[in-house]
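Each chain gets a letter, A, B and so on, in the order the sequences are listed, and its residues count up from 1.
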Amino acid sequence: MNEIPSRYNPKEVEEKWYKFWEENKLFSAKPTPNKKPFCIVIPPPNVTGILHMGHALNNFIQDILTRYQRMKGSEALWIPGTDHAGIATQNVVEKKLAKEGKKRQDLGRDEFLKEVWKWREEYGSTIIKQLKKLGASCDWERTRFTMDEGYSDAVLEVFIHLYNKGLIYRGKRIINWCPRCSTALSDEEAPYKELEGQLYYIRYPIKVTSHTLAGTGQSYPCGHRPVTRKKQKTINYVVVATTRPETMLGDTAVAVNPKDKRYKDLIGKTVILPLVEREIKIIADNFVDPKFGTGAVKVTPAHDPNDYQMGLRHNLEFINIMQVDGVLNSNAGEYDGMDRFEARQAIVNDLKERKLLEKIEPHMHSVGHCYRCSTVIEPYLSNQWFVKMKPLSKLALEAVKKGEIKFYPKRWTKVYLNWMENIQDWCISRQIWWGHRMPVYYCKNCYKPQASGSKLQTEKEKPAADKGIFVSKNKPEKCPDCGSSDIYQDEDVLDTWFSSWLWPFATFGWPFTSYKPQAASDKQKSLQQDELNYFYPTSVLVTAQEIIFFWVARMIMAGFEFMGKKPFSDVYIHGTVRDDTGKKMSKSLGNIIDPLEIINEFGSDALRFSIISLTSVGQDVFLSRNKFEYGRNFANKVWNASRYTIMNLKPEEINVDLCAYSKGISGLAEKWILSRFYSALDRIEKALKQYKINEAAKVMYEFFWHNFCDWYLEFSKLTLGRRQTQVVLYKVLEKSLRVMHPFLPHLTEEIWHNLPGTKSSIMTESWPHLQKQFISKTTDKQMQVLIDLISLIRNIRSEWHILEHAEIECIIKTTDKASKKLIQENDIYLKKLAKLGQIKIVEKAEDVSMCASGVAGKLDFYIPLEKLIDLTKEKERLSKQIQSFEAQFKALRERLKNKEFLKKAPNEVVEKEKIRLEELSKLIKRIGDNLKVLG
RNA sequence: GGGCUCAUAGCUCAGUUGGUUAGAGCGUUUCCUUGACAUGGAAGAGGCCGGAGGUUCGAGUCCUCCUGGGCCCACCA
């Protein structure tokens, strides 16, 4: 056994076991009668992604749950995979092309997609390989990708299903537009950030008619003050406030609140839109808040969602002034061709020049940003496809309300319900190339696209009313309306989340009509269906709070709509990984701690154990490099305790059934460690049931380190020859390893193989059964007395500077029979661990002067000091010490009263001195007490 | 504007349904390289549990308010 190194080397151990695990396919699962299914689907990481701490945390939680269930006897399946991340992947490949000086348009759609697939072949499995490094026990053979043929089939199936049900419609709407990615985004993909912007007050001249206030000389309310130009002529203005002055080019009205007295007379009048010289009306609309800005609003129906609604209400013109890339178009007149921000500046300058800019105020406001490239999004009017969400949300709401789906921690239920109750339609079309192309076809002959701008399709209009437009998985040969074969497909692709929301069932091959000839065979099909029936609904979904709306909520809706059942029973929302200053870890901030680097330095298990222990349910976790020492040290401790045990085991004595043998266990230490083990096991299982994984890890840590290693291993050294010590040592270690396995998979596997009497992999072993009969409060209490006694004696040793090797005598005073017996039976432990020479048990106190003393349980104890230390010398030493400390104390106190010192010394120094002062006063007190003992 | 969350040792955090003396890791002080382990062992020091009220025999824990961090949603001309 000497070949086991004294230091745990994670690298070696990990490499050894990855091979073993993969070769033996220990992570596969299939429908098994009489076995409880347990299934988790991985939140599919972005295919362009690189492993970060968030992934690590997420996967560790899932892996611990999966391994635990597997050991508990469930048929545990964990399905891995990646999503195609439409925009992100396209961006990556476009960047690559840009280096070669090419644009995707140069290649054309088909060639570009070939490039993307090439990229995905090369780099798409990076993240999967990295997940393996974490020790994730996924069924790797089932790795899915949202763009796989079978999976794509599910996406198209779903689109067609919803379209035929009237839940998908196309409409011209204001959507979030990213000018850089040149595509529409859903509301969830355009997070708002607070920005310091500016509020521009612009004068819109009122068209002069005989009824205007011009020249009347009356006082003017705020907002339309006269400005004198040249001498005689007075012009009136309406002043509007805006943060995006460039959108004025698309204004088609000015709106005021109908109740606003200031503007009462102006409603219905006409103003001249500056720079463009367009005549637009002043309208009244309740939307306008009289308190904001000037109480008058410019209305740009094509570039603002609220203005768009006003445009509909007042039948205004919709003027689009921008191209898809954020550059102004010909509707912008002389600003045609300018970028939106460039145009903003130009317009502001021009307005200044014409004295039409009243003022500029700083203004905090939230602006939407693209969640992929952080570009400021533009509210943009365009033709997009939407999913009606209200009908889908009904069952998804009920299921959570009824508790059929539970959130952990509970508080997320409210967040979910709130979002679901106010759900908005989902914009699912994206103007990019990489993704599932819309299964929508148009007939060139009979489909007539709507004229843009004038007439707008509303949600109420049924898409089916359109002639020459149809949905189909494959390109139809002929138009079902007119028979023409001149057919073309919609250019847009579907939102990536429109495929991810099917993940819990599409990963099983649903709807089982794959294009692949071999998979289409009946046998394969029914096999997959069996699997789906067996594993669906899945058990728990583990994910981060950021994607509750993106993904979790939508999966629940999809589950009910397409499977008629919830997709999972529990949703575990873990916190966000942050750096130690509380900032979210992100590449752009440069505060990333790379999990692979940590694995390299500390080991995968150390990373896992540390991060899991630091994360309490739903709470954000703050990481810094040194925190991983926690897990590393524990792993090393486990390694060494196992090493000691293995070195001292006699394999021939340990092969017994613990329950059957239990009558042979009489030693207090043995009974105690079993009691501690099983009560820890109980707490661990309770914690895991509630997903309190950090607590389970903590209980394990405390038991193993502070009970098993600190005490039992020390006790065992004295009785290694006894059979019961051999059995208990072995059984407790062996069971502990099994319990620790989900938390330290690599390490426990390696030890398992070195442990006598074990076979195969620890992964396929069962979780220890809770044997409550071993838990005994009496035993715990008795042992606590011994432990306290030993600790107190050690304390006295340390305080009186009694030499390590000096054997000391101890007088124990007690009238309690049980305590007496306890000491008599376990004096071997006391003698060895507290280094006692003689133990004298008495019922009445003898002369106990010159004794250090203490109390443990129902017994008092005394240590005569005379023989151990030179009392006069000690007295002298203590007296000297106390004098010196008192002098220091006085000096320090004076110093701290000194105003000069307080003024000039840095705060830290003053604080330190104060602490020192307190320390000194306590030291003085303690030495004084000791002097009293000496008389 | 609506909602959530946090405040406990110098630092990072645990603390179950209210219940004896509030815990851990790191750091720190003293001692120890003892045949499992210095990535370790032994013994210490260190806390008005953010503030103010209230409920209770009893509050770190429950309620109300306040202060100060962090987050989410909605609106934002």
message: As a test of reading the structure: which of B:C37, B:U39, B:A43 is closest to the side chain of A:S798, going by heavy atoms?
response: B:A43

- prompt: Could you give the CD-to-P distance, from A:E194 to B:C71, as a whole number of Å?
  reply: 12 Å

- request: Kindly indicate whether the side chain of A:D605, heavy atoms from C-beta on, has any atom under 4.5 Å from the side chain of A:F743.
  value: no

- request: Would you classify A:D304 as touching base, sugar-phosphate or nothing, given that sugar-phosphate means primed atoms plus P, OP1 and OP2, and contacts are heavy atoms under 4.0 Å?
  value: sugar-phosphate

statement: The nucleotide from B:C37, B:G25, B:A42 with an atom nearest the side chain of A:D710 is B:A42

- line: Considering only heavy side-chain atoms of A:E695, the closest of B:C71, B:C75, B:U16 is B:U16

message: I'd like to know if the side chain of A:Y200 pairs up with that of A:Q198 as donor and acceptor (distance under 3.5 Å, no hydrogens or angles considered).
response: yes

statement: Per atom distances to the A:Q545 side chain, the nearest of B:C72, B:A24, B:A36 is B:C72

5'-most by nearest nucleotide on RNA chain B - A:T242 or A:S616: A:S616

query: The side chain of A:R794 lies closest to which of these nucleotides: B:U12, B:A42, B:G70?
result: B:A42

A:E695 with A:K686: basic N within carboxylate O range, under 4.0 Å: no

- line: Closest to the side chain of A:N633, out of B:C13, B:G40, B:A36, is B:G40

- prompt: Rounded to the nearest Å, what distance is computed from the CG atom of residue A:D788 to the P atom of nucleotide B:A43?
  reply: 11 Å

query: Just how far, in rounded Å, is P of B:A14 from CD1 of A:I693?
result: 15 Å

query: To the nearest angstrom, how far is A:W419 atom CH2 from B:C73 atom C1'?
result: 12 Å

- prompt: Tell me: CZ of A:F602 to P of B:G25, nearest whole Å?
  reply: 18 Å

query: Which one, B:U5, B:C71, B:C75, comes nearest to the side chain of A:R411?
result: B:U5

Length of the line joining A:R578:CZ and B:U5:P, which is rounded to integer Å: 15 Å

message: Does A:K692 contact B:A14 through a side-chain donor or acceptor facing the base, at a distance under 3.5 Å?
response: no

message: Please compare A:A641 and A:Y701 by the position of their nearest nucleotide in RNA chain B and report the one closer to 5'.
response: A:Y701

task: Test for a donor-acceptor pair under 3.5 Å between the base of B:A36 and the side chain of A:E714, counting only N and O atoms.
output: yes

Presence of A:S791 side-chain N/O under 4.0 Å of B:A43 phosphate oxygens OP1/OP2: yes

field: Face-on cation placement of A:K717 at A:Y644 ring, 6.0 Å and 45° thresholds
entry: yes

- prompt: Distance under 6.0 Å and angle within 45° of the ring axis: does A:R554 meet both against A:W426?
  reply: yes

task: Select base, sugar-phosphate, or nothing to describe what A:K686 touches, counting heavy atoms under 4.0 Å on all strands.
output: nothing

